[in-house]
Amino acid sequence: MSDIIYNFRAVENKWINNFNSYSVSNDIILSNPNKKYYVLEMLPYPSGKLHMGHIRNYTIGDVIARIKRMQGYNVIHPMGWDAFGMPAENAAIQSGIAPSISTNNNITSMKNQLQRLGYMYDWKREVSTCNKEYYFEEQKLFLEFYKRGLVYRKQSYVNWDPVDNTVLANEQVINGRGWRSGAVVEKKLLNQWSMNITSYADRLLEGLKDLKGYWPDNVITMQENWIGKSEGALINFEIVENNIVPNINNIEVYSTRPDTIFGMSFIAISIDHEISKTLSKNDTKVSAFIEKCRKLGTTEEVLEKAEKLGYFTGIYIKHPVIKDKQIPVYIANFVLIDYGTGAVFGCPAHDERDYDFATKYNLPITTVIQSDNNELPYTGDGILINSNFLNGKTTKEAKFCIIDYLETNERGQRQTKYRLRDWLISRQRYWGCPIPIVHCPKCGEVPANLPVELPDDIDFKNLIGNPLEKHTTWKYTKCPKCGCDAIRDTDTLDTFFESSWYFLRYLDNQCNDPINKEITDISLPVDLYIGGVEHAVLHLLYARFFMLVLHDLGYSKHSMPFKKLLTQGMVCHKLYKNSDNEYVFPDDVEKLEDGTLIDNNGKKVKEYPSEKMSKSKKNIVNPQSIMESYGVDALRLFILSDTPPEKDLDWNTSALDGSWRFLNRIWKVFNQILDKINNNNQNSINNDLYKITNIYLQKIEENYNSISLNKSIALSRELFNKIEDNINTSSNTSLKFAFETFIKVFYPITPFICHEMWQILGNKEYISNEKWPEFDKNIIQEETVTIAIQVNGKLRKTIELPKDTSKDITEKTAIEAITSIDANKIKKIIVVPNRIVNIVV
RNA sequence: GCGGAUGUGGUGAAAUGGUAGACACGCAAGGUUUAGGACCUUGUGAUGAGAGUCGUGUGGGUUCAAGUCCCACCAUCCGCACCA
C-alpha cells in the first residue's frame with residue numbers, strides 16, 4: 001500500500017476540462033433570483049504572466065465559488081482583462097509591436113495559465129476592456145455623462161518633461177526627473193477632462209455607512225479620510241489699497257480653523273492665483289519664483305515634503321476682526337490652486353506648516369489657544385486666549401461664534417468642503433479609450449459620432465508623446481453638427497474608467513447597450529469582491545461613484561456595486577543581493593555547508609527582510625514552475641494554509657514541501673481506508689469518529705463562512721489526523737462517513753485530488769455536484785467540560801465537570817481541588833460556569 | 001508631510017476579556033531500509049535539579065482576570081489622486 005504515490009499530473013489532466021467548461025446562463029439566473037451568488041476577483045492587467053499575487057487572489061475566489069456551488073447557488077464567477085494602459089504602450093515603443101497585438105498575445109498566454117490552474121471561471125462572460133465590444137459601449141456612457149454635465153474640461157496639472165516634450169505619469173518621475181531624459185520634471189497646466197465626483201461626495205460618504213460590517217474597517221476609514229469632509233469658513237479679506245494690483249480688491253480664503261483668526265500672521269496664495277499671475281507679468285522676480293516652484297512633481301507626497309518657499313508680494317490685507325491690523329500676503333509653493341480657493345491664512349501658533357513658514361520668514365507668532373505645556377505649535381483643541389470676544393470659549397464654540405460674526409458682518413460664510421478632488425480622466429496617451437468629442441471652431445465641443453475607433457496605423461518605434469496628436473487622418477475630421485473642419489479630442493480615458501463598470505459588462509458581454517438592466521438588477525450587488533488593499537481608495541471609490549451615477553441615469557436599480565469586500569494581503573519574499581549590490585533571484589541562491597549564501601556566479605549573497613514580490617527586486621517565484629513541479633493542489637493548499645487571506649504572506653518553500661507531502665499523506669490514508677472498506681475488514685464497531693467529524697464540520701463551516709481559510713485548513717487537518725488515528729479502531733461506516741466528509745470540506749481547497757478520490761470511492765456524481773454536508777446538531781453536544789482553576793489570575797489546575805454544573809458545586813469542587821489553599825484566607829471567588837474559576841487570596 | 005495597517009516561539013500562525021502558542025514549517029533524538037521530493041514515533045517558548053518563575057514590540061493604566069480594552073511611545077510595511 002505504502003508504495004502508492006499520488007500522481008498529480010495524471011489526476012490534473014483528467015479533471016482539467018471539467019473545471020474549464022463551467023458556465024451558468026442568464027436564463028438560469030433569472031429563473032431563480034434568490035439563488036444567485038456573484039463572486040468577483042479584481043481583473044488583472046495582462047502583463048503576460050501570472051504572478052503569485054494573482055494566484056492568491058484567484059484561489060481565494062475559486063474556493064468560495066466552489067463552496068457556494070455546493071451550497072446550491074447559481075454562481076456568477078467571471079474573469080476578464082484590464083487591457084488598456086501604459087505598460088503596453090511603453091513596450092510598443094521599445095519593440096515596435098502594436099499594443100493591440102502584444103496585449104492580445106499576453107491575454108492568450110495568461111488565459112492558458114488560468115485554465116491550466118483549473119479555476120472554474122465562466123469564460124463565456126469574458127471581457128477585455130481594449131476590445132471594441134467594450135470601449136465602444138464605454139463611449140456611449142461617456143456621452144451620457146457629458147450630456148448630464150458630469151464630465152467637463154478644466155485646467156489641470158501634469159508632469160511635464162521639458163526635454164522629451166511629453167506628459168509623464170507619476171511612476172515615470174524618478175527623484176523629480178524624467179525616467180528617459182533625466183530632465184527635471186515641471187508642472188504644466190493642460191486643459192483636460194474631469195469627472196464631477198465631488199458633487200457625489202456626500203452620497204459616497206453616506207454610502208459607507210451601509211458597508212460597515214461588510215467591508216474591512218480600514219478601507220471604510222481610508223475612504224472617509226480620502227473624501228475628507230470638513231466644515232469651515234469662506235472668508236473674504238479686503239486688500240489694503242495699493243499700486244501693485246490696483247484692480248483686485250479681495251482675497252477669498254477657505255479655512256477649517258477660523259477659530260484661530262486672532263493668531264493670523266500671513267496670507268499665502270498659490271502660484272496660480274490671480275494675484276500671482278498678475279504680478280508675474282511685470283515683475284521678473286515673481287515670475288522667477290513661480291518658475292522655481294513649478295519645478296516640482298504633482299504628487300501630494302512631493303508637495304508636502306518639499307521645502308516651504310514663500311515670496312512676499314508687497315500686498316497687505318485688513319484683518320477682519322482686529323481693527324487697523326494689516327497682514328502680509330505671500331505667494332507660497334504649498335498652496336494648491338485646485339483645493340479650496342487657492343489661498344489660505346496662516347496661524348503659526350497652531351499649525352505646523354504655518355509655524356515653519358513663520359519662523360523662516362520672521363512673522364509674528366501669537367498663541368490663541370491654551371495648551372497644557374505651552375509648547376508650540378499646538379494643533380489640538382483648547383480654550384481660546386488673546387482672541388477678544390472669543391476668549392474663554394472652546395475651539396468648537398469659537399468656530400461657531402466667529403463664523404456667525406463673519407456672516408453677520410458679511411465678511412464670510414459657513415462652508416462644507418471635501419478633500420476629494422474631481423476625477424481627472426484625461427490621459428495624453430494612445431493605448432486607451434478615445435474620448436468621443438470633436439472640437440469645432442464654430443460649435444465648440446461636440447459629441448462625436450459613435451463609435452470612435454482607435455487607429456492602428458501607427459509607427460510605435462521611437463515614439464515620443466501621444467501619437468493621436470500626430471495622426472493627421474484620424475485627428476482631422478468634420479464637425480458632426482455643422483460639417484466644417486474640426487479636430488478630434490486626442491486624449492484617451494484613464495483606465496480606472498474601464499475598471500469602474502466591467503463587473504456590469506460580465507453580466508451580458510454581448511449587449512448592444514452598455515448594460516443589460518434586467519440581468520444587472522438581479523445579479524447585483526456583487527456578493528463577494530476580492531482584491532488587493534492597494535485599491536482601497538481609488539478603484540473602489542470610482543466604482544462606487546459609477547454605480548451611483550448609473551443608478552441615477554436609470555441603468556440599474558442598484559446604487560451599490562459590492563456587498564462584501566475582502567482585501568487580500570500581498571505575497572512577499574526575502575530579498576537577496578550579491579557582493580556587487582545586484583539583486584539575485586531566490587532560485588539562483590545556494591546555501592553552502594557553512595551557511596554562507598552564494599549566487600550562481602559564486603558571489604557572496606546577503607539576505608534582506610521580506611518585501612512585496614516585484615520583478616525589479618527579483619524576489620519572485622514563478623507560479624508556472626511551482627505548478628509544474630508541485631501541482632496545482634499543492635500550490636493552492638500552500639498559498640491558503642498558514643496566513644489569513646487579509647494578511648501579507650511570506651513565501652516559504654519548505655512549507656510548500658509540507659503541503660505537497662500532506663497531499664501524499666491524504667493519498668496514502670485514502671488507500672488504506674479503501675483497502676479496509678473494500679475487503680470488508682470489519683473488526684470494530686467504534687463510532688467515535690461520527691461525533692468527532694460532526695464537531696469539526698461545524699467549526700470548519702464557521703471558518704469558511706468568515707473566509708478564515710487558514711483556520712478551515714488547520715481544522716480540516718485536525719479532522720484528518722483524527723481519521724488517521726482511528727483507522728483501525730473505527731467502524732467502517734463511521735470511517736467512510738468521516739473520510740467522505742473530509743473530502744467534501746477539503747475539495748474547495750484541493751479540488752483535483754478530491755475529485756479523484758470521490759470517484760474512486762464509487763460515487764457516480766462528481767464531488768463538485770455534491771451538497772455541502774450538514775452537521776448533526778444533536779450529536780455534537782458535549783457532556784463534560786474542562787474548567788480552569790486560577791489562583792490570583794494564574795492557572796493552577798484544570799478539572800473535568802459535567803456540562804452546566806451549578807456555580808456552587810463548581811466553586812466547591814474547585815476549592816477542594818486546590819489543596820494548598822487555606823479556605824479561610826479566600827477573599828473572593830469568581831466562577832464562570834463551564835469555563836473558569838478564579839480564587840483570590 | 002498626511003492617511004491606513006502590522007508587531008505573539010527559530011518561522012508562518014491560533015486564542016467570544018477567561019488554560020497563550022491550536023494547525024503547520026523547521027530543528028533534535030530514536031525507529032524503519034524503502035535511498036525517497038521518503039515514512040513512522042517522541043520531543044521542541046525561555047529559565048530552573050525541581051516545586052516553580054518569567055513570557056505576546058516598549059512604558060503606564062482599567063479588571064478577580066489583558067495578546068485582547070484605554071493612554072503614551074518605538075519599529076516595520078502599505079497608499080497618497082497619471083502604475084494597475
Side-chain angles (χ1 to χ4, degrees), chain A residues 2-3 5 42-45 47 82 84-87 156-159 167-173 192 197 216-219 221-222 224-226 228 298-306 334 352-353 419-429 494-496 499 532-539 541-542 569-570 572 609-612 629-630 638 641-644 646-662 664-665 668 708 710-711 713-718 721 786-790 792-798 827-830 832 835-840:
Chain A
S2 59
D3 59 345
I5 292 199
M42 290 181 183
L43 84 178
Y45 173 80
S47 59
D82 187 17
F84 277 137
M86 201 173 60
S156 304
Y157 276 121
V158 291
N159 297 307
V167 177
L168 298 177
N170 284 335
E171 197 188 47
Q172 297 171 308
V173 179
Q192 304 189 75
I197 190 170
D217 288 340
N218 61 325
V219 174
T221 310
M222 279 157 103
E224 267 168 14
N225 291 332
W226 190 264
T298 59
T299 71
E300 204 172 24
E301 187 186 0
V302 165
L303 297 174
E304 290 282 341
K305 281 186 182 166
F334 58 83
E352 273 174 46
R353 192 179 58 190
R419 202 189 76 102
L420 181 68
R421 308 199 293 259
D422 271 348
W423 176 13
L424 183 71
I425 53 174
S426 272
R427 296 291 180 270
Q428 293 71 40
R429 269 186 260 284
D494 176 11
T495 55
F496 277 125
S499 57
V533 71
E534 65 272 21
H535 295 288
V537 187
L538 294 179
H539 163 60
L541 191 69
Y542 293 146
M570 296 174 299
C572 301
S610 216
E611 282 185 30
K612 179 180 180 173
S629 47
Y630 289 85
F638 162 72
S641 276
D642 288 342
T643 309
E646 53 285 341
K647 270 189 91 172
D648 289 351
L649 178 150
D650 224 10
W651 187 266
N652 175 345
T653 304
S654 56
L656 173 64
D657 283 326
S659 294
W660 189 87
R661 285 199 299 267
F662 184 59
N664 282 290
R665 216 173 112 216
K668 196 183 80 185
S708 307
N710 56 321
K711 286 189 260 171
I713 291 170
L715 290 161
S716 302
R717 290 183 78 136
E718 279 186 54
N721 291 343
T786 309
I787 291 179
I789 305 171
Q790 297 180 333
N792 291 335
K794 287 186 179 174
L795 180 72
R796 282 293 172 271
K797 210 167 195 177
T798 59
K827 286 182 190 156
K828 196 174 177 182
I829 190 156
I830 287 106
V832 183
R835 202 169 270 272
I836 203 159
V837 178
N838 191 9
I839 301 168
V840 185

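In this text the structure is predicted, and so the values were computed from the model without any measurement. Within every chain, numbering begins at 1; the chains are lettered A, B, ... in the order of the sequence lines, protein sequences first and strands thereafter.
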Spacing of [X] atom [atom1] relative to [N] atom [atom2], expressed in whole Å:
X	N	atom1	atom2	answer
A/Glu646	B/C77	CD	P	21 Å
A/Leu43	B/C83	CG	P	17 Å
A/Asp650	B/C78	CG	P	13 Å

Considering just the side-chain nitrogens and oxygens of [X], establish if one lies under 4.0 Å of OP1 or OP2 belonging to [N].
X	N	result
A/Arg717	B/C23	no
A/Lys794	B/G52	no
A/Asn170	B/A81	yes
A/Arg429	B/C83	no

Dot-bracket for RNA chain B, please, read 5' to 3', with Watson-Crick or G-U wobble pairs under 3.5 Å on both distances, ( ) within the strand, [ ] crossing, | other strand, . unpaired. (((((((..(((.....[....)))((((((.......))))))(((....)))..(((((..]....))))))))))))....

Atom [atom1], compared across [N] and [M]: separation rounded to whole Å:
N	M	atom1	answer
B/G21	B/A13	C1'	9 Å
B/G55	B/G7	C1'	16 Å
B/U58	B/G50	P	27 Å
B/A15	B/U6	P	14 Å

Looking for any heavy atom pair under 4.0 Å, which part of the strands does [X] touch: base, sugar-phosphate only, or nothing?
X	answer
A/Lys827	nothing
A/Glu352	nothing
A/Val167	base
A/Ser659	nothing
A/Arg665	sugar-phosphate
A/Val158	base
A/Lys797	nothing

What about [X]: does its side chain form a donor-acceptor pair under 3.5 Å with the base of [N]?
X	N	value
A/Glu300	B/C2	no
A/Glu611	B/C78	no
A/Asn218	B/G4	no
A/Glu304	B/C80	no

Check the orientation of A/Trp660 and A/Tyr630. Use parallel for under 30°, tilted for 30 to 60°, and perpendicular for over 60°.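 Perpendicular.
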
Angle class for the A/His539/A/Phe496 ring planes (parallel below 30°, perpendicular above 60°, tilted otherwise)?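 Parallel: the ring planes of A/His539 and A/Phe496 meet at under 30°.
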
Write out a two-atom table: protein N or O, nucleotide N or O from nucleotides 70-75 of chain B, distance below 3.5 Å.
none

Identify which nucleotide among B/A81, B/G1, B/U53 has an atom closest to any side-chain atom of A/Leu420, counting heavy atoms from C-beta outward.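 So the nucleotide nearest the side chain must be B/A81.
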
For nucleotides 18-22 of chain B, print each protein N/O atom paired with a nucleotide N/O atom at under 3.5 Å, atom names and distance only.
{"from": "B/G18", "atom 1": "N2", "to": "A/Gln790", "atom 2": "OE1", "distance (Å)": "3.4"}
{"from": "B/A22", "atom 1": "O2'", "to": "A/Glu718", "atom 2": "OE2", "distance (Å)": "3.1"}

Can A/Trp423 be classed as stacking with the base of B/A81, given a centroid separation cut-off of 5.5 Å and a plane angle cut-off of 30°?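 Answer is no, no stack.
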
Return yes if some donor-acceptor pair links the side-chain N/O of A/Gln428 with the main-chain N/O of A/Val167 below 3.5 Å, else return no.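 No, because the side chain of A/Gln428 does not come within donor-acceptor range (under 3.5 Å) of the backbone of A/Val167.
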
